[in-house]
Visitor: 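One structure follows; several queries about it will come next.
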Amino acid sequence: KQEVTQIPAALSVPEGENLVLNCSFTDSAIYNLQWFRQDPGKGLTSLLLIQSSQREQTSGRLNASLDKSSGRSTLYIAASQPGDSATYLCAVPSGGSYIPTFGRGTSLIVHP
Amino acid sequence: DTGVSQNPRHKITKRGQNVTFRCDPISEHNRLYWYRQTLGQGPEFLTYFQNEAQLEKSRLLSDRFSAERPKGSFSTLEIQRTEQGDSAMYLCASRVGDNYEQYFGPGTRLTVT
């Protein structure tokens, strides 16, 4: 059974800082890993999907890396802005499955 | 492409009543997922459809829960004899074929009083 842990659980930073959010998983036999953003009371917005054959993906100020062998992924946010404030979730399928297990998320506040 | 839509957005019901939620996936997305999310937790998988076939169900999905996807288009999730513990956000997501990226709807927030 896949277990997904996200560290830190919460983060409060001043605007402009570069951030690293961590996601670890127990079963490394995965097809992919997906990072999402969730605003309070809303659905999830897909940020980045990394296939198991890839090491990283980039979109604008976001960069996600994947190290399957160590069961880790990081989401790097460059030059954070108040609009980045949200909860960030990673989702990892169980080995041999397309059904993702989600972490509890990292709640991010970027203050001006 | 209008994205995944869910209705209603909010539902307040009394314990013991039945409720039904609807999800309209992105057109041509043949895979559809239902999740439940409570405060401070990540979404938990409930069930998965490929076209009209329900391929997987979580052990979380008790006998009071039923989901359908007639004709492989929209899907419904019904909860019978609701309990206070059913209060949560119910999320729907869809994807297409071999593209594993999931797209989520805005969710239906259920409150059972």
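Note on naming: letters A, B, ... go to the chains in the order of the sequence lines (proteins, then strands), and numbering restarts at 1 for each one.
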Visitor: Checking heavy atoms, do the side chain of A/Gln51, its backbone, both or neither come under 4.5 Å from chain B?
Guide: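 Only the side chain of A/Gln51 comes within 4.5 Å of chain B.
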Visitor: With a 6.0 Å cut-off on ring centres, are A/Phe102 and B/Tyr35 close enough?
Guide: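 Yes: the rings meet the under 6.0 Å criterion.
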Visitor: Does CD belonging to A/Glu15 count more than 12 external heavy atoms closer than 6.0 Å?
Guide: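 More than 12 heavy atoms, drawn from other residues, nucleotides or ligands, come within 6.0 Å of this atom.
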Visitor: Could you list which of residues 57-72 of chain A have a heavy atom closer than 4.5 Å to any heavy atom of chain B, in residue-number order?
Guide: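 Heavy-atom contacts from residues 57-72 of chain A to chain B are absent.
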Visitor: Counting N and O atoms only, with roles assigned by atom type, does the side chain of A/Ser73 sit under 3.5 Å from a partner on the main chain of A/Cys23, one being a donor and the other an acceptor?
Guide: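 A pair under 3.5 Å: no.
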Visitor: Between B/Phe65 and B/Tyr90, what is the ring plane arrangement, given parallel below 30°, perpendicular above 60°, and tilted in between?
Guide: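 Tilted.
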Visitor: Atom CD1 of residue position A/Ile109 - does it have more than 12 heavy atoms of other residues, nucleotides or ligands inside 6.0 Å?
Guide: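 Atom CD1 in A/Ile109 is not crowded, with 12 or fewer foreign heavy atoms closer than 6.0 Å.
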Visitor: Check B/Arg64 with B/Glu83, please: is the shortest side-chain N to carboxylate O separation under 4.0 Å?
Guide: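 Answer for the salt bridge query: yes.
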Visitor: Answer yes if the side chains of B/Arg95 and B/Tyr103 hold a donor-acceptor pair under 3.5 Å, and no otherwise.
Guide: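 Not at all, the side chains of B/Arg95 and B/Tyr103 share no donor-acceptor pair under 3.5 Å.
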Visitor: Hey, which residues of residues 40-47 of chain A are touching chain B, say heavy atoms under 4.5 Å apart?
Guide: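 Residues in range: A/Gly41, A/Lys42, A/Gly43, A/Leu44, A/Ser46.
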Visitor: Taking the six-membered ring for Trp and the single ring otherwise, decide whether the centroids of B/Phe104 and A/Phe36 are under 6.0 Å apart.
Guide: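 Yes, close enough.
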Visitor: Are B/Val96 and B/Leu32 linked, directly or through other ILVMFWY residues, by side chains that come within less than 4.5 angstrom of each other?
Guide: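 Hydrophobic grouping puts B/Val96 apart from B/Leu32.
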Visitor: Same hydrophobic cluster for B/Phe21 and B/Leu61, using side-chain heavy-atom links shorter than 4.5 Å among ILVMFWY?
Guide: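 Linked within one cluster.
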